[in-house]
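Below is one structure, written out as C-alpha cells; comments come after it.
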Amino acid sequence: MIRAATLREPGGASRGMGQQQAYDPYFSHWADIAARRVVAAHPDRRPIVVAAGITPSGVVHVGNFREVMTVDLVARALRDQGVPIRFIYSWDDFDVFRKVPADAPEQAMLTENLRRSVADVPDPFANDPANPVGPRDSYASHHIAVFEASLAPLGIEPEFIRQSKAYRAGRYAEGIRRALEKKDVIRAVLDQFRTEPLPESWLPLAGFCRSCGRDRIDFGWDGDWFVDMSCRDCGTKTRVDLREGGDVKLPWRMDWPMRWAYEGVCFEPGGKDHSSAGGSYDTAKQIVGPVFDWVAPEYVPYDFVRIKGGGGKISSSAGGAVTVADCLEVYEPEMLRWIFASQRPNSEFQISFDADVIKLYEDWDRAVATAHAADDGKNDKKRAVVRRTIELSRLVPGRIEPGSEPVRVPSFRPLSMTLQIYDGDLEGTLEHYRRTGEVGNEAEAERLRLRAVRVWRWIEQHAPEDFRYRIRDTPATEALSGEPRAILARLVAVLEASPDCREEDLVPHLKTMCEGTSLSAQDFYPYVYELLIARPKGPKLTTLLSTMGSTRALPLLRAGLA
RNA sequence: GGGCCCGUAGCUCAGUCGGUAGAGCAGGAGACUUUUAAUCUCUAGGUCCAGGGUUCGAGUCCCUGCGGGCUCACCA
C-alpha cells in the first residue's frame, strides 16, 4: 500500500486500523491540509479525481482562474504526498448565452444568437486580426482556446472535457434518466430554499431546440429513455433518445452532482456564489447521494479576485475583464502561482497593475530567498511555510534544499531603470548585466529575460508617470546660459576626455563639478536631466551617463552649449 | 431571512494541527550621500472589536453581541 493511503486526520479514520500516521509538519500549506482531508475521505480510491469547472460564457478571467489554481495546488499536494491523481477540467460550454459582452465584436450577430448554447454561437473573433488563437468553431471554443493557452506556461495540464460534446454523445444518459426517476427527491431538496416551490409538472431538464437552437423548451418524458421537446419560439417538436444523446441536459444544480458521480470526483472547489447555505454546492451535496449514489467531493470555497483600482468584482459580461494572459504580461509565471498559493482560498485579494507591482516583486524575491535559506533553529517553522508555498508555486515540482542558492536575478526597481536607459533593448540590457557581473551564466541570463520583458511591459503600459522616462531622440533646442552653462561645459569636457568613463570614475567629477559657482549639484541636476530625458528628475546621474555611454550622451549634452 | 468572511501597530495586512503578538509602509535616531517610494543600521508603537466559555495556556477553538463586506433565496 502506498504511503499516502495510510495518511489520516489525527484521531480520524485511522482508529482501530493499526498505528496512527504521524502528522508531517512538512506538508504545512492549506493545499496539503485539503489533500489530507481528501485522502481521509477516500482512503481506497485511486487515482483520486480532482476537478475544476468553468462556463466559457465570456472571457475566462483571472477570477475564474482561481478555481483552476486551487485544484492544481491540491493536485500538486496530493502528488507530493504520494497519491496518484486525475485532474479533470469540465468546460460547461452547454450553457445558455444570456448576455452580449459590452466589449465583444459583432454585437448584432451575438444579439441574434442570445438564448442559444455558447457552443453553437459563432466565433465573433473569427475575423479579428488581433485574435491570438485564430478562428474557432464557436464563441465558446474561442474563449476556451484563449484560456487553455494561458494555462500551459503555468505548468497546469488538466484533462479537458467539453460538456456540449459529452451530452450530445449521450454519455450522461444514465445520469439524466436517474434524475428524471428521482425528480421528486430533487424537487424536495430545491424547494427547501426556493421562494416559490417548483410546479408539480416540473422535470429536471434543460436543452436547446434542434431547429432554432434556443432554450425555451417544454419537456415531456415517456418514463423510459425518450424525452420530448417542444420549442416555444419556433414550435418545433423533437423526440430525443437519451442513449443516443442530443440537445438535452440537466440544469446546473443537478448537472453538477451528476458529473461528480460520473467521474467519481473526490475534490472540487467552488466560488463563494456556490458556497452559501442553499447554494448550488449545498443542494448538490443533498442530491448526489439519493439520486446518483455518490458522495459530495471535499470542498474548498474560494473568494473573488479583484483588480486593484478596478472597483468591484471582475465580470466577464461587463467587459474589461482581466485574463491570466494579462497577468502574465506583468508577472512571472511562478510569481503568479505564488500570488494565489500564498493567499488562503476563502479570502479575497487584489491583483495590482499599479506601483504595487514593485512591492510584490520585492516580496516575491524575499520569499524565494527565505525558502532557500538554511535553517537556523530560530524561525524554522515560519521558514518551512514560506518554503512549502514557494515549492507549490514552482512550475516543476520538487523540494527546495535548505541552504541552496536560487538563480540570481536583478530586483525590479534597478532593472526597470536599466531597461529604460537601454530603451527596452533586452539584449543590450543583458550585456550590461554581464559586464557588471550580475549575470554570470546562461541560467541567469534566461532568468533575467523572463523578468525583463515583464518589467518593460509594466513600464510601458502601467507604470505611474513618475516612474517613466525616455532618452531624447533629438537634442534639446534651448541652450543654457550663465553658471549652468559653465558647469555643463565642465561635464562635457570630462566625458570628451574619457569617453569610456566608468561609473566609479564619474562620481568624483560630479562632486566637484559645481565648485566655484553658487549652485549645488542638486541645483544643477535638473538641467542635465532636461537635456538627456526632457524631465526635471531621473535615475542616478552617474549610472545614467555611464550606462548610456558618451556616444549617446554627448550630442544631447552639447545641445545645451549651442 | 439563511450562510460565509473580515474586525490585530497611524495605514495595508500576516499570524496554516492552541504554546512568549509580526512584516511592509508611515514616524523617530544614526550612517551614507546616490535625485523615480534611494540604501543600510537601530528604535518606538497594539485592551489582537466587546463580553462569556473550554484549556495548564486562546489573536487562534466554542457561544453571544456590535460594526463592515459578500453571497444564496431566478439562472448558471
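Throughout, protein chains are lettered first and strands after them, A, B, ... in sequence-line order, and every chain is numbered starting at 1.
Across every strand in view, B:C11 sits in a pair with B:G24 that passes the Watson-Crick or G-U test at under 3.5 angstrom. With a cut-off of 3.5 Å on both pairing distances, the Watson-Crick or G-U wobble partner of B:A29 is B:U41. Figure legend. B:G1 is base-paired to B:C72; pairs are counted as Watson-Crick or G-U wobble with both atom distances under 3.5 Å. Across all strands shown, B:C56 forms a Watson-Crick or G-U wobble pair with B:G19, both key distances being under 3.5 Å. Using N1 to N3 plus N6-O4 or O6-N4 for Watson-Crick, or N1-O2 and O6-N3 for G-U wobble, each under 3.5 Å, B:G46 pairs with nothing.
For the pair A:Ser275 and A:Phe193, nearest-nucleotide mapping onto RNA chain B gives the more 5' position to A:Ser275.
In terms of heavy atoms, A:Tyr299 sits closest to A:Gly270 at OH-CA, 3.1 Å. Among all heavy-atom pairs drawn from A:Tyr139 and A:Pro101, the shortest one is OH-CG, 3.3 Å.
If you take atom C1' in B:G51 and the same atom in B:A58, they sit 15 Å apart, rounded to whole Å. When the C1' atom is used for both B:U60 and B:G7, the distance is 15 Å, rounded to whole Å. Look at the C1' atom in both B:G45 and B:A21: the space between them is 13 Å, to the nearest Å. Nucleotides B:C6 and B:U54, compared at atom P, are 25 Å apart to the nearest Å. For the P atoms, the distance from B:U43 to B:A23 is 11 Å, rounded to whole Å. Comparing B:G18 with B:C56, their C1' atoms sit 12 Å apart, to the nearest whole Å. Comparing B:G19 with B:G57, their C1' atoms sit 7 Å apart, to the nearest whole Å. Spacing of C1' atoms, B:G27 relative to B:U47, comes out at 23 Å, to the nearest Å.
The OH-P distance, from A:Tyr281 to B:G3, rounds to 18 Å in whole Å. One interatomic measurement links the two molecules: CZ of A:Phe412 to P of B:A37, which rounds to 14 Å at whole-angstrom precision. For the pair A:Asp282 CG and B:A76 P, the computed distance is 17 Å after rounding to whole Å. Per the geometry, CZ belonging to A:Arg366 stands 18 Å off P belonging to B:G22, to the nearest Å. The separation between A:Arg413 atom CZ and B:C25 atom C1' is 12 Å, rounded to whole Å. Taking atom CZ on A:Arg66 and atom C1' on B:C5, their separation rounds to 12 Å, with Å as the unit. Spacing between atom CG of A:Asp191 and atom P of B:C72 amounts to 19 Å, rounded to whole angstrom units. B:A38 atom C1' lies 13 Å from atom CD1 of A:Ile358, rounded to whole Å.
Among the nucleotides B:U36, B:C5, B:C70, the one closest to any side-chain atom of A:Asn346 is B:C5. The listed nucleotides are B:G2, B:A76, B:U16; the one nearest the side chain of A:Ile33 is B:U16. For A:Ser276, whose side chain is taken as the heavy atoms from C-beta onward, the closest listed nucleotide among B:U35, B:C70, B:G3 is B:G3. Checked against B:A76, B:U35, B:U16, the side chain of A:Trp30 finds its nearest nucleotide in B:U16. With distances taken from any side-chain atom of A:Arg344 to the nucleotides B:C6, B:U35, B:U71, the minimum falls on B:C6. Closest to the side chain of A:Gln420, from the set B:A76, B:U36, B:G2, is B:U36. Nearest to the side-chain atoms of A:Tyr529 among the listed nucleotides B:C70, B:U35, B:A76 stands B:U35. Comparing B:G3, B:A76, B:U34 by their closest approach to the side chain of A:Ala277 singles out B:G3. For A:Lys359, the side-chain atoms get nearest to B:G24 when compared with the rest of B:U36, B:G24, B:A76. Distances from the side chain of A:Thr195 to the nucleotides B:C72, B:G24, B:A73 place B:A73 closest.
The 12-atom threshold is not exceeded at NZ of A:Lys285, counting heavy atoms of other residues, nucleotides or ligands nearer than 6.0 Å.
Between B:C75 and A:Arg194, a contact under 4.0 Å exists linking OP1 or OP2 to a side-chain N or O.
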Tell me which donor-acceptor pairs under 3.5 Å the side chains of residues 67-74 of chain A have, and how far apart each pair is, sequence neighbours excluded?
residue, atom, partner, partner atom, Å
A:Glu67, OE1, A:Tyr302, OH, 2.5
A:Glu67, OE2, A:Gly53, N, 2.9
A:Thr70, OG1, A:Arg66, O, 2.6
A:Asp72, OD2, A:Arg337, NH1, 2.9
A:Asp72, OD2, A:Arg337, NH2, 2.8

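Base contact: A:Tyr525 has a heavy atom under 4.0 Å from a base atom. Across all strands, A:Asp92 comes closer than 4.0 Å only to sugar-phosphate atoms, never to a base (heavy-atom distances).
When side chains are defined from C-beta on, A:Ile287 does not count as touching A:Val185, because their heavy atoms never get closer than 4.5 Å.
No hydrogens or angles considered: a donor-acceptor pair under 3.5 Å links the side chains of A:Trp252 and A:Ser280.
Taken residue by residue, residues 249-257 of chain A places heavy atoms nearer than 4.0 Å to RNA chain B at A:Pro251, A:Trp252, A:Arg253.
Within the model, atoms CG of A:Asp92 and CH2 of A:Trp256 stand 11.5 Å from one another, a figure rounded to the nearest 0.5 Å. Separation of atoms OG1 (A:Thr55) and CZ (A:Phe94) is listed at 13.0 Å; rounding is to 0.5 Å.
Legend: residues meeting side-chain contact (heavy atoms from CB on, under 4.5 Å) with A:Met417, ordered by chain and number and at least two apart, are A:Tyr469, A:Pro539, A:Thr543.
Using a 4.0 Å cut-off between charged nitrogen and carboxylate oxygen, A:Arg388 and A:Asp80 count as a salt-bridge pair.
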